[in-house]
Amino acid sequence: MSERKKYFLRKIPKVDEVLLSEEIKSLLSRYPRFLVVEAIQKIINSYRSFILSPETDQNLLKETNINLSAEAVEKNILSLFKPNLKRVINASGVILHTNLGRAPLSRDSLSHLIEVSSSYSNLEFDLERGVRGKRHEHLQPILTRLTGAESALIVNNNAAAVLLVLNTLAAGKEVVISRGELIEIGGSFRIPEVMRASGAKLVEVGTTNKTYLEDYCRAKNENTALLLKVHTSNYRIQGFTAEVSLAELVRYGKENELPVMYDIGSGCFLDLSLYSLQKEPTVKDAIDTGVDIVTFSGDKLLGGPQAGIIVGKKDYILKMEKNPLLRALRVDKLTLSALEATLIAYLDEKGIKDKLPVMKILTQPLDKIRRKAKRIHNFIKNELSSFLKSEVKKENSQVGGGALPLQELPTWVVALTPLTISLNQFEEKLRKSDPPIIGRISNGKIILDPRTIDDREINLLLNCLREIYYA
Ligand SMILES: *Cc1c(COP(=O)(O)O)cnc(C)c1O
């Protein structure tokens, strides 16, 4: 290290000295001492790294002073009060983006959540009889009405739902599943691993592309407790294939007195073909086959909060209610209230596109998306044309969240080429703006898909773009 650098290092004040200055004393009267100390320490550390960096030369050292003014320290303190969890603008066009929180909640969900959660509630109190009640019973009537099932139970997410069913019905026993359905969902939900955690033993039958009823028959023995079918929600096996339909498996289960469980993944309640989309199996279709148990997520196509919903035969649900594991997987009033309002929206399908953001985004008219794309494009042409090249192009959005994997959703995107900084620098600036803008990189361009950008977010996005270049 050069003598010069050592000299600058020696000149850095000690924290204790800084704390004695009159300016900083006034901060101590307004903030807890440990926060003030931490902020000063942080500024000192970052100045020290700056001195030590090989890129910092003599000239730069002379020009740059450590800034320990009250203003600088306070700015640092205030940053600690800013929450880490924040809204982002989803410009990726992926509607159910697990990394971005999946389904945005509806207005009704939020207002019900606020009302129930900001005061006391009847979460576990039976107002009819004045005795202790059960938290999941509130949603049983609506879930059975919407799905045709006998009973229902709600847990933390669909992975927890699968875990609870397997542990209750098959711990220490065998569960038969087709090799073509041994799925992995992003974020390490793997059927074989959940199965192991539940204490059930996995028996794989058939091959990746073909499984016949005889394969299930051959696997069955006195240790078999359950037949499991999993909806291959995020991929399709196409071509030379054979699978046993849910109805066939249910018939076979009945003949052999074996319960059948169906993990349907995304909890779709609507016939999506009525909305010009590919049909996803609905929960009601599944229940109509006579299947014993169906599990699905609350925050995928259903459009509600993160939750795992189990519907099916009363006797099995009762067993799950008695499983001590349920205590560890149970949901709180925030989830239940947001989910209840989401389910109520399904009672009248007419208004569903306006009520549930996921359905609104999924069925958004193409010309509306195009208008949003044009607005962004025109703004850039008028105000930022020396920094960004912009084109409006036709592309496809993705549903994501393990639903409709083959669905092509035509959309209009804005494709941006930064002219003064690199693509990666521009991507980082978007990601670090306030609020962050998450687009995607494709063919050397940043793609912003307005399908997942709400009307009310467009101005916010334009402001962020302006700030990137003019702040
Ligand atoms: C998404 C999915 C899961 C996991 O659900 P989470 O709610 O994310 O826990 C399980 N099974 C299938 C088929 C899925 O699509």
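Just so you know, ligand 1 is whichever comes first in the structure, and atom 1 is the first atom listed for that ligand. Everything quoted here is computed from the prediction, not taken from an experiment.
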Discussion item. Using heavy atoms and a 4.0 Å limit, tell me yes or no: is Gln306 in contact with ligand 1?
Written reply: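 Outside the 4.0 Å threshold, so no.
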Per-atom contacts, ligand 1 versus [X] - under 4.0 Å to a heavy atom:
X	answer
Ser297	5 (O), 6 (P), 7 (O)
Ala159	5 (O), 6 (P), 9 (O)
Lys300	1 (C), 2 (C), 3 (C), 14 (C), 15 (O)
Arg102	6 (P), 7 (O), 8 (O)

Discussion item. Parallel, tilted or perpendicular: which one describes the rings of Phe296 and Phe269, with boundaries at 30° and 60°?
Written reply: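 Judged by the thresholds at 30° and 60°, the geometry between Phe296 and Phe269 is perpendicular.
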Fill in: ligand 1 contact on Arg190 by region, counting heavy-atom pairs under 4.0 Å
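For Arg190, there is no contact with ligand 1 at all, from either part.
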Ignoring angles and geometry beyond distance, decide whether [X] reaches within less than 3.5 Å of ligand 1 through its nitrogen or oxygen atoms.
X	value
Val230	no
Asp299	no
His231	no
Ser266	no

Worksheet item: Restricting to pairs with a member in residues 303-339, which pass ring pair (Phe, Tyr, Trp, His ring centres under 6.0 Å), not counting sequence neighbours?
Response: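 Sorted pair list comes back empty.
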Discussion item. If the condition is side-chain hydrogen bond (donor to acceptor under 3.5 Å, both in side chains), which residues does Arg440 pass it with, not counting sequence neighbours?
Written reply: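 Result, side-chain hydrogen bond (donor to acceptor under 3.5 Å, both in side chains) vs Arg440: Glu395.
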Item to complete: Look at atom CD of Glu255 and say whether more than 12 heavy atoms of other residues, nucleotides or ligands are closer to it than 6.0 Å.
Response: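 Result for CD/Glu255: enclosed.
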Item to complete: Give a yes-or-no answer on whether the side chains of His112 and Ser337 include a donor-acceptor pair shorter than 3.5 Å.
Response: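 Per modelled atom types, His112 and Ser337 side chains form no pair under 3.5 Å.
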Practice prompt. For Asn90 and Ser92, indicate whether the former's side chain and the latter's backbone hold a donor-acceptor pair under 3.5 Å.
Written response: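 Checking the backbone N and O of Ser92 against the side chain of Asn90, a donor-acceptor pair under 3.5 Å is found.
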Worksheet item: For the ring pair Tyr120 and Phe125, is the centre-to-centre distance below 6.0 Å?
Response: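 No, too far apart.
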